[in-house]
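Below, chain A is the first sequence line, B the second, and so on; all start at residue 1. All values below come from the heavy atoms of this structure, side chains included, with hydrogens, waters and symmetry mates left out.
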Amino acid sequence: MRSRVSSLEGWFRDHARDLPWRRHRTPWRSLVSELMLQQTQVSRIALRFEDFMDRFPTPRVMVDAGEDEVLAAWEGLGYYRRARLLHAAARCIVETHGGEVPSTVGALESLPGVGKYTAGAVASIVFEVRAPIVDGNVVRVTSRVLGLDRRADDPTLLKEAWTFSEGLVQASASPSLCNEGLMELGATVCTPRRPTCAVCPLAETCAAARLETPDAIPRPKVRPVRQVVHMHLALIERSGRVLLEQRPAGGLWGGLWQPLGLESSESMTLEAFRQALPIELLRCEHVATRRRQLTHRTVFIEVHRAMTRRRSGRWFDRDEASRLGMARPIRDILDRYVWSSEAD
DNA sequence: AAAACGGGGGC
DNA sequence: GCCCCAGTTTT
């Protein structure tokens with residue numbers, strides 16, 4: 001195990017990618033980066049990280065900015081609950097840790113949105129604590145090094161991965177080099193398809209490297225069939241403002257803003273939609289259908305233009321709406337069917 | 001233990 | 001079209 005680790009650490013020292021959160025490392029920057037990176041590719045976050053940190057340079061600034069600001073800054077990154085959890089974590093850091101990110105696995109794990117992986121990552125990478133970490137990369141590397149021919153989401157494989165990581169970090173000279181190196185290896189060498197075993201620091205002691213097709217393991221996760229959701233929206237404008245509402249905190253696009261609408265498992269007729277809306281519409285016409293593929297479902301968005309006499313509700317002009325958190329497809333629809341038509 | 005939860009990128 | 005991604009929380 002010792003030689004495995006030192007070879008991994010040495011490899012990482014030489015081959016670490018130049019990433020924003022590595023360039024300038026602070027506990028807060030690392031915590032934010034880890035929350036952003038959950039189930040999200042490094043390349044996506046690398047583009048957004050510095051802007052986000054400029055906006056929220058400390059936990060205190062984030063708390064004062066408020067959850068809505070954080071949601072807005074999170075736009076396009078998905079899994080929006082993470083943004084709310086990050087804001088809650090910032091509040092917890094300010095209120096119970098004096099504004100400083102805690103350094104122990106236990107204290108980190110008690111923060112909202114921080115589970116075993118993230119706690120171990122921050123503790124080891126920032127504070128050099130001997131804590132193991134297991135992410136998708138580590139699961140893949142473990143299954144290959146140990147030659148475990150199981151599904152990537154097999155609970156027994158996950159357990160083996162934690163044990164493997166634990167063994168590595170205990171034998172390491174530097175928990176941060178060891179852990180980050182392990183993930184970096186999975187991201188750049190031991191990739192899901194066509195891993196480059198020829199340059200891998202673990203190849204000598206890897207079971208899969210001796211196989212003809214090392215990428216045959218781990219086996220793919222089982223994916224549930226995507227559910228279909230029909231979303232019906234009414235674009236209601238008046239004097240350069242559009243009527244919007246905030247989605248419930250839980251579920252799809254939780255806490256994000258959108259035009260008045262309804263969801264159903266089946267498509268609705270225009271009349272049914274009109275009847276089902278909680279406000280009376282003077283006119284309502286269907287203008288477009290958009291299809292959105294998400295990991296867990298297919299969303300059909302039926303876009304309508306409508307008018308109402310009603311004045312109550314939350315109305316926003318273009319500038320105000322730009323500062324609200326919205327799902328990407330919803331933002332696109334407003335840009336296309338509301339704001340662009342102002343020029344007509 | 002299983003389900004819920006986005007949006008892209010790579011092929 | 002399918003698979004994947006620096007996972008966590010809720011049920």
Are [X] and [Y] within salt-bridge range, i.e. N to O under 4.0 Å?
X	Y	value
A/Arg29	A/Glu50	yes
A/Arg55	A/Asp51	no
A/Arg314	A/Glu245	no
A/Glu237	A/Arg305	yes

Could you check which residues of [range] get a heavy atom under 4.0 Å from DNA chain B? Sort them by number, please.
range	result
residues 24-54 of chain A	A/Gln39, A/Thr40, A/Gln41, A/Arg44
residues 133-169 of chain A	none
residues 248-260 of chain A	A/Gly251, A/Leu252, A/Trp253

Work out which heavy atom in [X] is nearest to a heavy atom in [Y]; give both atom names and the distance.
X	Y	answer
A/Lys221	A/Ala152	CG-CB, 3.9 Å
A/Phe49	A/Pro20	CD2-CB, 3.7 Å
A/Pro102	A/Phe127	O-CE1, 3.5 Å

For A/Gln293, does the CD atom have more than 12 heavy-atom neighbours from other residues, nucleotides or ligands under 6.0 Å away?
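Count over threshold, so yes.
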
Heavy atoms from other residues, nucleotides or ligands near CD of A/Glu204 exceed 12 (cutoff 6.0 Å):
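Open: at most 12 neighbouring heavy atoms sit under 6.0 Å from CD of A/Glu204.
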
Within the modelled atom types, does a donor on one side and an acceptor on the other bring the side chain of A/Thr295 and the base of B/dG6 under 3.5 Å apart?
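Indeed there is one.
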
How long is the line joining [atom1] of [X] and [atom2] of [N], in whole Å?
X	N	atom1	atom2	result
A/Leu86	C/dT9	CG	C1'	16 Å
A/Arg84	B/dG6	CZ	C1'	15 Å
A/Gln227	B/dG6	CD	C1'	16 Å
A/Glu109	C/dT8	CD	P	8 Å
A/Arg193	C/dC2	CZ	P	14 Å
A/Tyr79	B/dA3	OH	P	14 Å
A/Arg81	B/dG6	CZ	P	8 Å
A/Ile217	C/dC3	CD1	P	18 Å

In Å and rounded to the nearest 0.5 Å, what is the CG to CZ distance from A/Asp149 to A/Arg144?
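A/Asp149 CG to A/Arg144 CZ: 11.5 Å, rounded to 0.5 Å.
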
Does [X] place a side-chain N or O at less than 4.0 Å from the phosphate oxygens OP1/OP2 of [N]?
X	N	answer
A/Arg292	B/dG8	yes
A/Arg223	C/dC4	yes
A/Arg82	B/dG6	no
A/Tyr80	B/dG7	yes

Taking A/Ser174's backbone N and O only, do any of them form a donor-acceptor pair with A/Glu9's side chain (distance below 3.5 Å, no angle check)?
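Judged by distance alone, yes, a pair lies under 3.5 Å.
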
Where the side chain of A/Arg291 is defined as all heavy atoms beyond and including C-beta, which of C/dA6, C/dC4, C/dG1 is the nearest nucleotide?
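Nucleotide nearest to A/Arg291's side chain: C/dG1.
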
Can you tell me which nucleotide in C/dG1, C/dT10, C/dA6 comes closest to the side chain of A/Gln293?
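Selected nucleotide: C/dG1.
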
Quote, to the nearest angstrom, the [atom1] distance that separates [N] from [M].
N	M	atom1	result
C/dT11	B/dG6	P	15 Å
B/dC11	C/dA6	P	14 Å
C/dT10	B/dG7	C1'	22 Å

Ring centroid separation A/Phe316 to A/Trp257 under 6.0 Å:
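Yes, close enough.
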
Mind checking [X] for me? I need base, sugar-phosphate or nothing, with any heavy atom below 4.0 Å counting as a touch.
X	answer
A/Ala187	nothing
A/Pro224	nothing
A/Trp74	nothing

Residue mapping more 5' on DNA chain C - nearest nucleotide basis, A/Ala119 or A/Arg219
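This one resolves to A/Arg219.
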
Sole candidate of A/Arg81, A/His87, A/Arg48, A/Met36 that passes side-chain contact (heavy atoms from CB on, under 4.5 Å) when paired with A/Trp74:
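Running side-chain contact (heavy atoms from CB on, under 4.5 Å) over A/Arg81, A/His87, A/Arg48, A/Met36 with A/Trp74 returns exactly one hit, A/Met36.
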
Counting only Watson-Crick pairs (N1-N3 plus N6-O4 or O6-N4) and G-U wobbles (N1-O2, O6-N3), all under 3.5 Å, who is the partner of B/dG7?
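Base partner found: C/dC5.
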
